[in-house]
Amino acid sequence: MGIIQIELFSTLDLVGQSPGGPDEDPDGFPYGGWQVPLLNEVSGAQVVAYEHTDALLLGRRTYDIFAGYWPNQDPESSPFATLFNSIPKYVASTGDPELTWSGSHLLGPDMVSAVGELRDLHEHVTVVGSLNLVQTLVREKLFDRLDLWVHPIVLGVGKKVFDRGALPTVLTLLEQPTASPGGTIYLRYARADGTPGVGHIDAQS
């Protein structure tokens, strides 16, 4: 059975909204494109993060952005162009979007069943961006891995990676965190069984 891996960019206060540009998820958000000045901080490690990907799972907005960009890129200048254009793309949408990018498929309305089918079809499905979709996957525990790129800025506003509907979840660190010279931290987690434990600290006399 395959895995569902989330690749997500966030700020230090865990805002994940519109990292790549103001049109990704506007909704009155004043800092769209906050990641752009920091792109060099993650570009090399991203190539490694996608090396096992054999399918993409995207929300509608992210799909539209990718579909308008990646088919027009030179494969020789970007390893992502070759990968993204050649593998299947699955789109989670409540509407009936026109899927013009070759290899694109619309998921069924039942997210639990749809993700189960993807696990049967593919070894390594990667979710890129797509914050609303990510929040659904986290809320329903429909993911296996979480790669989180935490950038050294605080915005104070915007949609958070984990919204109030997220279920208590235990994560296991897969490898030691790495940090870029500029302070971007790369964290790789796997979802573990169980729920977080609780306790108390005894007062010291």
Side-chain angles (χ1 to χ4, degrees), residues 1-10 14 16-17 19-20 24 35 39 41-63 65-67 70 78-93 101 103-108 111-151 159-163 166-180 184-194:
M1 180 175 289
I3 66 170
I4 306 296
Q5 174 174 319
I6 296 171
E7 288 286 326
L8 199 61
F9 305 113
S10 85
L14 292 183
Q17 186 173 357
E24 284 185 358
Q35 188 203 24
L39 277 177
E41 293 283 294
V42 302
S43 57
Q46 268 192 288
V47 176
V48 177
Y50 288 100
E51 62 183 353
H52 299 298
T53 298
D54 63 351
L56 293 176
L57 174 56
L58 307 171
R60 168 67 185 276
R61 286 177 173 171
T62 301
Y63 173 82
I65 293 169
F66 276 28
W70 288 113
S78 172
F80 297 116
T82 300
L83 175 64
F84 291 170
N85 288 324
S86 63
I87 61 177
K89 279 75 65 175
Y90 297 92
V91 185
S93 175
W101 194 4
S104 298
H105 311 273
L106 184 64
L107 287 185
M111 183 63 69
V112 175
S113 297
V115 170
E117 292 173 2
L118 292 184
R119 293 185 198 275
D120 292 336
L121 288 171
H122 300 284
E123 293 294 324
H124 201 121
V125 180
T126 299
V127 183
V128 188
S130 308
L131 185 57
N132 291 338
L133 170 61
V134 166
Q135 290 177 340
T136 299
L137 296 175
V138 170
R139 187 182 307 120
E140 302 297 332
K141 292 189 175 183
L142 296 175
F143 72 101
D144 304 286
R145 304 274 179 85
L146 172 64
D147 285 10
L148 188 61
W149 309 75
V150 182
H151 296 69
K159 295 179 183 178
K160 299 295 186 73
V161 173
F162 305 106
D163 65 5
L167 294 177
T169 304
V170 177
L171 300 176
T172 300
L173 191 66
L174 292 175
E175 59 187 50
Q176 287 297 313
T178 57
S180 71
T184 296
I185 301 173
Y186 179 36
L187 301 163
R188 304 196 74 188
Y189 292 106
R191 185 172 62 82
D193 294 331

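All figures in this text were calculated on a predicted structure; none of them were measured in a lab.
Atom NE2 in His105 sits 12.5 Å away from atom CD in Glu117 (nearest 0.5 Å). Taking CG of Leu56 as the reference point, atom NE2 of His124 lies at 10.5 Å (rounded to 0.5 Å). Rounded to the nearest 0.5 angstrom, Phe9 CZ and Leu148 CG are separated by 10.0 Å. Within the model, atoms CD of Glu24 and OG1 of Thr62 stand 6.5 Å from one another, a figure rounded to the nearest 0.5 Å. Taking CD from Gln17 and CG from Asn132, the interatomic distance works out to 8.5 Å, rounded to the nearest 0.5 Å. One distance of note links CG of Leu8 with CG of Leu146; it measures 7.0 Å at 0.5 Å rounding.
Across all their heavy atoms, Lys159 and Leu131 have their closest contact at CB-CD2, 3.5 Å. Taking both residues in full, the closest heavy atoms of Phe80 and Tyr50 are given as CE2-CD1, 3.3 Å, listed atom of the first, atom of the second, then distance. Nearest heavy-atom pair across Phe162 and Leu14 is CD1-CD1, 4.2 Å. Ser130 and Gly59 make their closest contact through OG-N, 2.8 Å (heavy atoms, listed as atom of the first residue, atom of the second, distance). Heavy atoms only, all atoms of each residue included: Val134 and Gly129 are closest at CG2-O, 3.2 Å. Contact detail for Thr53 and Leu83: the closest heavy-atom pair is O-CD1, 3.7 Å.
Partners of Lys89 by salt bridge (Lys or Arg N to Asp or Glu O under 4.0 Å), not counting sequence neighbours: none found.
In this structure, the side chains of Leu187 and Val150 come closer than 4.5 Å at one or more pairs of heavy atoms. For the pair Leu58/Leu133, no side-chain contact is recorded, criterion being any heavy-atom separation below 4.5 Å from C-beta on. Using a 4.5 Å heavy-atom cutoff, the side chains of Val138 and Ile6 are in contact. The shortest side-chain heavy-atom distance between Val127 and Ile4 falls under the 4.5 Å cut-off. Within the 4.5 Å cutoff, the side chain of His122 has heavy atoms near those of the Pro88 side chain. Between His151 and Gln35, some side-chain heavy-atom pair lies under the 4.5 Å cut-off. Between Val115 and Val125, the closest side-chain pair of non-hydrogen atoms is not below 4.5 Å.
For Asp120, the CG atom sits in a packed shell: over 12 heavy atoms of surrounding residues, nucleotides or ligands are nearer than 6.0 Å. Within 6.0 Å of atom CD in Glu175, more than 12 heavy atoms from other residues, nucleotides or ligands are found, so the atom counts as buried in its surroundings.
Using a 3.5 Å distance cut-off with no hydrogens or angles, the side chains of Tyr189 and Arg191 do not pair a donor with an acceptor.
The aromatic rings of Trp149 and Tyr186 lie parallel to each other, with less than 30° between the two planes, well short of the 60° mark.
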Handout entry: Criterion side-chain contact (heavy atoms from CB on, under 4.5 Å) on Leu118 and Leu107, from CA distance to verdict
Key = CA-CA 9 Å; Leu118 292 184; Leu107 287 185; 4.1 Å; yes

